[in-house]
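Both backbone and side-chain heavy atoms feed into the values below; hydrogens, waters and symmetry mates do not. Chain A is the first sequence line, chain B the second, and so forth, proteins listed ahead of strands; every chain is numbered from 1.
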2 protein chains.
Amino acid sequence: MSDNDTATGRPAPQYMVVSDVLRQRIRDGVYQVGSHLPTESELCEEFSISRHTTREALRRLSEAGLIHRRQGSGSRVLSTEPRNHYVHAMKSLDQLFAYASDTRLRFLDIRQGHPDAAAGIPTDAKWLRIEALRLERDEDVPICFSLVYIDLRFGGVKKLLKNYQGAIYQLIETNFGVEVAEVEQVIEVVRVPPRAAEVLDQDPDAWVARVVRRYLDGEGTLLLASVNYHPVDHFSYQMRMTRQGGRLV
Amino acid sequence: MSDNDTATGRPAPQYMVVSDVLRQRIRDGVYQVGSHLPTESELCEEFSISRHTTREALRRLSEAGLIHRRQGSGSRVLSTEPRNHYVHAMKSLDQLFAYASDTRLRFLDIRQGHPDAAAGIPTDAKWLRIEALRLERDEDVPICFSLVYIDLRFGGVKKLLKNYQGAIYQLIETNFGVEVAEVEQVIEVVRVPPRAAEVLDQDPDAWVARVVRRYLDGEGTLLLASVNYHPVDHFSYQMRMTRQGGRLV
DNA sequence: CAGTGGTCTAGACCACCCC
DNA sequence: GGGTGGTCTAGACCACTGA
């Protein structure tokens, strides 16, 4: 649990002692989830420490996701257990994609249309629908066939797509001042749909890896979604998870 | 890049201004990757701020993975770009697995043997080799066929496996005082190997999703590895990535 | 409005690293 | 031994929250 001086011989700093005590109290229900921690000044008094030290202790709890602090309001208990024991971290979403970055896009079709069910978009709404092939640079080997559905308020991207090579979500981020805050991804293995079989040159009854990605903004609104069909012999999805924090967090 | 007061109308705090300046200098190569930042006291003087404010600025760079700070040594520049823009976070590794948690294991075979190539273990070494089927609870439908390779120094788990239901890495963590610090995972779609076809009741030429997981300790030593074959019609792998930090980080 | 957390200062002592 | 970052104190003013 705590990691006070168990490893190193020297005593743990006070902020860590205090943070561990508070952590234990949260686990024990002394401070219930949803309720508020004592204020900084109360904690200063109880532990006879300066405000700075108190804040350092609270910072740790906050970083561990156990409490949420809000100016003027206080520190609310969020959870009994730290979140994010393991993280898969990446510089950019590029690493989500199951292909190397040195690729290019060939657009097959762009028009308004109704999304397919796999995209997780209500199929009664109209979205900009893009068909594209992702190819290895300088080669004609297709890496995947992609259907991209874009909210019509970003319909202006249509003009920008010509010769665009990167990920489409980035195009929308830079041109419409929105920010992708969250991505959901589902990987499954399915029978190749007819259109994908055609452009990927697959047997009609072949299996393909289908990767569906949904890009959401900070409020959970869907900005765009993509359905990507990968021939199985070129599909490899790698990730690396790391345990969070050496000492505590 | 910076997020000083662009959104809110009010001015950014000093530590954020300073941290942005330093960040820009790192990008511009004023402070080269591998070299050291000025010391805290030098930065205090340059920006006419207190040490506390300087440390807050440096803390941000450290959290962003741009610098590494070491007592007695200084702040070394690690990278020009922040890491961890996006994270896939999970409380435990259970969420790595492409199946619900309400499952059970049926062991088919346990003995010493040579790992297969897919596990990424030198095949000349001997490891404890476990064959198991993961089944839905109360049903005989197999979710996946697993080959688990365990370093022989944990050979004692053999006795503990009987009636064990959970993830094997946890068994080793609790019984041998080691900690999984890192997991590598690769998902691919391959032809079913004969043995897997047999126990999963698949056609000899069927495709299966192969998920290879390698569990490493803090020093990068492989503790165990597993190769899991999932019938494609039951395979679904979901993940959710979140952009890190509202304001900067 | 009173009380909260957010920012900031000017000091201090210490453990650690490297010369 | 001299300099680094790590911890800690005792103050201060401010922005924000909520009654």
Side-chain angles (χ1 to χ4, degrees), chain A residues 2-5 7-22 31 34-63 65-78 245-249, chain B residues 2-5 7-22 31 34-63 65-78 245-249:
Chain A
S2 149
D3 40 8
N4 308 353
D5 72 334
T8 77
R10 51 178 222 287
Q14 294 193 54
Y15 69 80
M16 202 176 294
V17 175
V18 172
S19 127
D20 281 341
V21 169
L22 297 177
Y31 310 135
S35 72
H36 282 259
L37 247 51
T39 66
E40 292 186 355
S41 53
E42 284 167 349
L43 292 172
C44 289
E45 199 167 333
E46 173 182 354
F47 293 99
S48 303
I49 53 179
S50 75
R51 188 163 166 227
H52 177 72
T53 304
T54 300
R55 285 177 60 76
E56 191 63 38
L58 292 174
R59 180 203 294 273
R60 292 173 70 79
L61 299 182
S62 175
E63 281 174 357
L66 293 174
I67 65 173
H68 175 69
R69 316 194 65 206
R70 203 150 122 268
Q71 189 175 155
S73 170
S75 304
R76 199 164 45 84
V77 178
L78 292 179
R247 241 192 138 161
L248 176 69
V249 171
Chain B
S2 150
D3 40 8
N4 308 354
D5 73 334
T8 78
R10 51 178 223 287
Q14 293 192 55
Y15 69 81
M16 201 176 296
V17 175
V18 171
S19 127
D20 281 341
V21 169
L22 297 177
Y31 308 136
S35 73
H36 282 260
L37 246 52
T39 66
E40 292 186 353
S41 54
E42 284 167 348
L43 292 172
C44 289
E45 199 167 332
E46 174 182 354
F47 293 100
S48 302
I49 52 180
S50 76
R51 190 165 163 224
H52 176 72
T53 305
T54 300
R55 285 177 60 76
E56 190 64 39
L58 292 174
R59 181 203 294 272
R60 292 174 72 79
L61 299 182
S62 175
E63 281 174 356
L66 293 174
I67 64 173
H68 176 69
R69 315 194 67 206
R70 204 150 121 267
Q71 190 176 145
S73 169
S75 304
R76 200 163 46 83
V77 178
L78 291 179
R247 238 190 143 162
L248 176 68
V249 175

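Looking at which nucleotide of DNA chain C each of B:Arg70 and A:Glu42 is closest to, the 5′-most match is held by A:Glu42. Take the nearest nucleotide of DNA chain D for A:Thr54 and for A:Gly72: the residue whose nucleotide is more 5' is A:Thr54.
Distance from the side chain of A:Arg69 is smallest to C:dG6 among C:dT9, C:dG6, C:dT7. Here the side chain of A:Arg55 is nearest to one of D:dG5, C:dT7, D:dT7, namely C:dT7. In this structure, of D:dG5, C:dG5, D:dT9, it is D:dT9 that holds the atom nearest to the side chain of A:Ser50. Across C:dG5, D:dC8, C:dT9, the shortest atom-to-atom separation from the side chain of B:Ile49 is found for C:dT9.
If you measure from atom CD of B:Glu40 to atom C1' of D:dG6, you get 8 Å, rounded to the nearest angstrom. If you take NE2 of B:His68 and P of D:dT4, they are 17 Å apart, rounded to a whole angstrom. When the C1' atom of C:dC8 is taken as reference, atom CE of B:Met16 falls 14 Å away, rounded to whole Å. With rounding to whole Å, B:Tyr15 atom OH is found 7 Å from C:dC8 atom P. A straight line from NE2 of A:His52 to C1' of C:dA10 spans 13 Å, rounded to a whole angstrom. Rounded to whole angstrom, the span from the CZ atom of B:Phe47 across to the P atom of C:dT7 amounts to 18 Å. In this entry the distance linking CG of A:Leu58 with C1' of C:dT4 reads 12 Å, nearest Å. Between the P atom of C:dG5 and the CD atom of B:Glu56 lies a distance of 16 Å, rounded to the nearest Å.
Donor-acceptor pairing under 3.5 Å, judged by distance alone, is present between the side chain of A:Arg51 and the base of C:dT7. A donor N or O paired with an acceptor N or O is found under 3.5 Å between the base of C:dG5 and the side-chain atoms of A:Gln71.
For B:Thr53 and C:dT9, the shortest distance from a side-chain N or O to OP1 or OP2 is below 4.0 Å. Taking side-chain N and O atoms only, A:Ser73 has no distance below 4.0 Å to OP1 or OP2 of C:dT4. For the OP1/OP2 pair of C:dG5 and a distance below 4.0 Å, the side-chain nitrogens and oxygens of A:Ser75 include at least one atom meeting the criterion.
Residue B:Phe47 forms a side-chain contact (heavy atoms from CB on, under 4.5 Å) with just one option from B:Thr54, B:Val18, B:Val17, and that option is B:Val18. With A:Arg55 as reference, A:Arg51 is the one residue of A:His52, A:Arg51, A:Arg59 to meet the side-chain contact (heavy atoms from CB on, under 4.5 Å) rule.
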- Message: Under the criterion side-chain contact (heavy atoms from CB on, under 4.5 Å), I'd like the reasoning laid out for A:Leu61 against A:Leu22: C-alpha separation, chi angles, the key distance, then a yes or no.
- Response: CA-CA 8 Å; A:Leu61 299 182; A:Leu22 297 177; 3.7 Å; yes

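Of the possible polar contacts, none joining the B:Ser48 side chain to the B:Cys44 backbone as a donor-acceptor pair under 3.5 Å is found.
For the pair B:Ile67 and B:Ser75, the tightest heavy-atom approach, listed with the atom from each and the gap, is CD1-CB, 4.2 Å.
Among the atoms of the strands shown, only primed sugar atoms or phosphate atoms (P, OP1, OP2) are found under 4.0 Å from some heavy atom of A:Gln14.
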